[in-house]
Peer 1: 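Encoded as structure tokens, here's the structure I'll be asking about.
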Number of protein chains: 2
Amino acid sequence: MQPKRKLTLADYQTLAEFRYALRGFLRFSEDAARSAGLASQQHQALLAIKGFAAMGPITIGHLAERLQIRPHSAVELVDRLEARRLVRRTPAPLDHRQVHLKLTIEGEEILERLSASHREQLARMEPQWKRMLEILHQEPPPGAGGTGQE
Amino acid sequence: MQPKRKLTLADYQTLAEFRYALRGFLRFSEDAARSAGLASQQHQALLAIKGFAAMGPITIGHLAERLQIRPHSAVELVDRLEARRLVRRTPAPLDHRQVHLKLTIEGEEILERLSASHREQLARMEPQWKRMLEILHQEPPPGAGGTGQE
DNA sequence: TTGATTTATATCGTTCTACGATATATTTTG
DNA sequence: CAAAATATATCGTAGAACGATATAAATCAA
């Protein structure tokens, strides 16, 4: 359970840089969603519904799993999306407890715009992220752990 | 401003997979922070303070920039951290408007534990993330865009 | 130096999202 | 058919960030 080696200042810096990059992406995404009139989680829900489509219509429970939230939180999220006419609930024919979710035309349109800009942004960020992930992955050679400062 | 090519179902799936992986990491991080008795943002603030240390003591304003939040939100975050004795404010000697932030011993200890587990988790996730980022980066050849399912 | 402007931090009230606890409807099990 | 399990829904609460605004310190203009 103990870490294999002591963390150096450089390790903290790398972790902090990674978080900074992550925050940068999340802010981009949040701003993009807000520009489209959505909360970030609403955008992510649209994407999860659309991305699941190939496996059949998604239920509230599956949506919750994809977003890593509790099912009853997904209920509330879908409530908001349905109020904005971006998603529609349909009772599942086989199991009447379940609800199937489907994007409306408007939901599809908003998601398409957001997905296009996200794909571009992720492509832009890819080299930086890759570099940071590699640094985090590899163990530095012994004696090479310094502060890296000055 | 228009996307270069139409998004395929596979594109949505890849974007959704990427978000799913991201959510997975964020949930891991949130759970880890919660286990240490912290909110996720509190953990991220500790990391940002520590990671900035090589560039000198961090101010509220710099912390806000690193976390991509407004300065007055950083104030509130630091309020909570100081209440838990994880961070201490010190008036900046040169500019008395500024405040310098420093981790307490307890703050250092908690951060060290969390950073070690995060480094391991990121190393675990690295291959998957790298793969997804590459897929998002490269343009698929024309006619190759399918659903990718089954 | 003094007064105006800018910068850094702080305070207040509000909003959003997720949560725990709980409820209802439907399916499955015995 | 009754009991247990599953899926979705409702209600009240809490945490974090925000906009608007306030205060203190530094800088600039003349």
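Note that the structure is predicted; figures quoted are calculated from it, not measured. Per chain, numbering begins at 1; letters A, B, ... match sequence-line order. Hydrogens, waters and symmetry mates are skipped; everything else that's a heavy atom, side chains included, is used.
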Peer 1: Would you say A:Arg34 places a side-chain N or O within less than 4.0 Å of OP1 or OP2 belonging to C:dC16?
Peer 2: no

Peer 1: Provide, to the nearest angstrom, the distance between the CD1 atom belonging to B:Ile58 and the C1' atom belonging to C:dT9.
Peer 2: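 So the two atoms are 15 Å apart, to the nearest Å.
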
Peer 1: Could you check which of C:dA8, C:dA18, D:dA9 has an atom nearest any side-chain atom of A:Val99?
Peer 2: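 Closest of the options to the side chain of A:Val99: D:dA9.
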
Peer 1: Measure the distance from CD on B:Gln98 to C1' on C:dA10 and round it to the nearest whole Å.
Peer 2: 15 Å

Peer 1: Any idea which of D:dA25, C:dT26, D:dT8 is nearest the B:His96 side chain?
Peer 2: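 For the B:His96 side chain, the nearest candidate turns out to be D:dA25.
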
Peer 1: With respect to the side chain of A:Glu76, which nucleotide from D:dT10, C:dT9, D:dA25 is positioned closest?
Peer 2: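 Per side-chain heavy atoms of A:Glu76, the pick is D:dT10.
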
Peer 1: So, does A:Arg70 get its side chain near the phosphate of D:dT10, meaning an N or O under 4.0 Å from OP1 or OP2?
Peer 2: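 No, no such contact exists.
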
Peer 1: For C:dC16, take OP1 and OP2 only and decide whether either is under 4.0 Å from a side-chain N or O of A:Arg80.
Peer 2: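 It does not, given that no N or O in the side chain of A:Arg80 lies less than 4.0 Å from OP1 or OP2 of C:dC16.
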
Peer 1: Linking I/L/V/M/F/W/Y whenever their side-chain heavy atoms sit closer than 4.5 Å, directly or via other members, would B:Leu103 and B:Met55 fall into one cluster?
Peer 2: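 Same hydrophobic cluster.
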
Peer 1: Looking only at side-chain atoms of B:Val75, point me to the closest of D:dT8, D:dA16, C:dT9.
Peer 2: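 It is C:dT9.
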
Peer 1: The side chain of A:Gln42 lies closest to which of these nucleotides: D:dG19, D:dA16, C:dT17?
Peer 2: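 Looking only at side-chain atoms, A:Gln42 lies closest to C:dT17.
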
Peer 1: To the nearest angstrom, how far is B:Leu94 atom CG from C:dT7 atom C1'?
Peer 2: 16 Å

Peer 1: Kindly state whether the ring of B:His118 and the ring of B:Phe28 have centres lying under 6.0 angstrom apart.
Peer 2: yes

Peer 1: On DNA chain C, does the nearest nucleotide to A:Leu77 precede the nearest nucleotide to A:Pro93 from the 5' side, or the other way round? Give the residue.
Peer 2: A:Leu77

Peer 1: Round to a whole Å and report the spacing from CG of B:Leu63 to P of C:dA8.
Peer 2: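 So the two atoms are 14 Å apart, to the nearest Å.
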
Peer 1: Within this structure, what is the CD1-to-P distance between A:Ile60 and C:dA25, rounded to whole angstrom?
Peer 2: 17 Å

Peer 1: Could you state the atom-to-atom distance from CG of B:Leu81 to P of D:dG15 in whole Å?
Peer 2: 14 Å

Peer 1: When the nearest nucleotide of DNA chain D is assigned to A:Ser73 and to A:Arg23 on a heavy-atom basis, which residue is associated with the more 5' position?
Peer 2: A:Ser73

Peer 1: Using the side-chain heavy atoms of B:Asp95, tell me which of these nucleotides is nearest: D:dC18, C:dT27, D:dA25.
Peer 2: D:dA25

Peer 1: So which nucleotide from D:dT8, D:dA17, C:dA8 ends up closest to the side chain of B:Arg97?
Peer 2: C:dA8

Peer 1: CD of B:Gln41 versus P of D:dA14: gap in Å, rounded?
Peer 2: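 To the nearest whole Å, that distance equals 18 Å.
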
Peer 1: Where the side chain of B:Ser115 meets the backbone of B:Glu112, is there a donor-acceptor pair that is under 3.5 Å apart?
Peer 2: no

Peer 1: Output the rounded distance in Å from CG (A:Leu101) to C1' (D:dT8).
Peer 2: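 Result: 11 Å.
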
Peer 1: From C-beta outward on A:Asp79, which listed nucleotide comes closest to its side chain: D:dT10, D:dT8, D:dA25?
Peer 2: D:dT10

Peer 1: Among the candidates D:dT8, D:dG19, C:dC19, find the nucleotide nearest to the side-chain atoms of A:His72.
Peer 2: C:dC19

Peer 1: Indicate whether the side chain of A:Arg66 and that of A:Gln44 have a donor and an acceptor atom separated by less than 3.5 Å.
Peer 2: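 No, no side-chain donor-acceptor pair sits under 3.5 Å.
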
Peer 1: Looking only at side-chain atoms of B:Ala39, point me to the closest of C:dA21, D:dC18, D:dA16.
Peer 2: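 Side chain of B:Ala39 sits closest to D:dA16.
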
Peer 1: What pair of heavy atoms forms the shortest contact from A:Ala21 to A:Met125, and how long is it?
Peer 2: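 A:Ala21 and A:Met125 have their closest heavy atoms at O-CE, 4.1 Å.
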
Peer 1: Identify whether any heavy atom of B:Arg89 sits under 4.0 Å from a base atom; if not, whether one sits that close to sugar-phosphate; answer base, sugar-phosphate or nothing.
Peer 2: sugar-phosphate

Peer 1: Report yes or no: do B:Glu65 and A:Tyr20 form a side-chain donor-acceptor pair below 3.5 Å?
Peer 2: yes

